[in-house]
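What follows is a short report on a single structure.
Lettering of chains follows the sequences in order, A, B, ..., and the numbering in each one begins at 1. When reading the values below, keep in mind they use all heavy atoms of this one structure, side chains included, and skip hydrogens, waters and symmetry mates.
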Protein chains: 2
Amino acid sequence: MRGVGLGRHVIAELLDCDKSTLDDARLVEAALLEAARATKSKIISHYVYRFKPHGVSGYVLVAESHLSIHTWPEYGYAAVDVFTCGEHTDPWAGLEVLKERLKARRISVVSMERGVGVAETEKATATV
Amino acid sequence: MRGVGLGRHVIAELLDCDKSTLDDARLVEAALLEAARATKSKIISHYVYRFKPHGVSGYVLVAESHLSIHTWPEYGYAAVDVFTCGEHTDPWAGLEVLKERLKARRISVVSMERGVGVAETEKATATV
């Protein structure tokens, strides 16, 4: 996927998800790692934390940026970010995995290009 | 800071930063942790990784969501996210710290409310 910037950041609101899945740290962790692999990113590190009384937060640092999730099982809601760089990655494939695994019935997405024009500016400066 | 959603996500492009700072994992780590504290969030876990030949990625998982950074020292650019929930937190204070510590001369910011209407929907459903 060719973009105009260094990376693509998909910011998604996953709504009407399966509440018990959202509260299960093992399932969230598995979904997050599967999503990272689906983007074709290289996993460097990850961390998942379960809150009391409910909610799970997780993070996967990939060589190409990151994936993150924060769940509110009580609302059936998860805040998801899939941010990947490079022409070989596809953040949308990661989002698709999370949407399926968390059984989201509604979704709202904003996609942003990150680092737009940054490489070009540098080149322009270098040639002055 | 009162918002309309569960959290505020500040997405920032830090431009014309100090290149040696962007490539120093210890400085980036210190800036990220200081930024997390400035938001009044509770730090749960953090991880910082330095790439070869250059670049640093880091995140701080906080009880109120997360902060993340990915740097491209060669372009003087850092992609920063400060996402915090709850009325007691201020993501802008965290961004200010990162901007100062990385010596960003230009900055481009998008601020998003996350989880808008999620709690209200749940309440509405519950009262039906």
- Query: Where does B:Ala78 contact chain A at under 4.5 Å (heavy atoms): side chain, backbone, both or neither?
  - Reply: neither

- Interchain contact, A:Ser65 with chain B, by part (heavy-atom threshold 4.5 Å): both

- Region of A:Tyr47 that comes under 4.5 Å of a non-hydrogen atom in chain B: both

- Item | Whether A:Trp72 and A:Tyr77 hold their rings parallel, tilted or perpendicular, with breakpoints at 30° and 60° | tilted

- Give the cluster check for B:Leu14 versus B:Ile11: same hydrophobic cluster or not, with ILVMFWY residues linked at side-chain heavy-atom distances below 4.5 Å. no

- Message: What part of B:His70 gets within 4.5 angstrom of chain A, counting heavy atoms only: side chain, backbone, both, or neither?
- Response: side chain

- Counting heavy-atom pairs under 4.5 Å to chain A, which of B:Val110, B:Ile69, B:Ile44 comes out on top? B:Ile44

- Task: Check whether NZ of the Lys or CZ of the Arg B:Arg114 lies under 6.0 Å from the centre of the six-membered ring of B:Phe83 and within 45 degrees of that ring's axis.
- Result: yes

- Task: Would you mind checking which part of A:Val62 comes under 4.5 Å of any heavy atom in chain B, side chain (CB onward), backbone (N, CA, C, O), both or neither?
- Result: backbone

- With A:Val80 as partner, the option from A:Leu67, A:Leu98, A:Val109 fulfilling side chain to side chain contact (heavy atoms under 4.5 Å, CB included) is A:Leu98

- Proximity breakdown for B:Val60 and chain A, heavy-atom pairs closer than 4.5 Å: neither

- Note on the structure: residues 23-42 of chain A vs chain B, non-hydrogen distance cutoff under 4.5 Å, contacting residues -> none

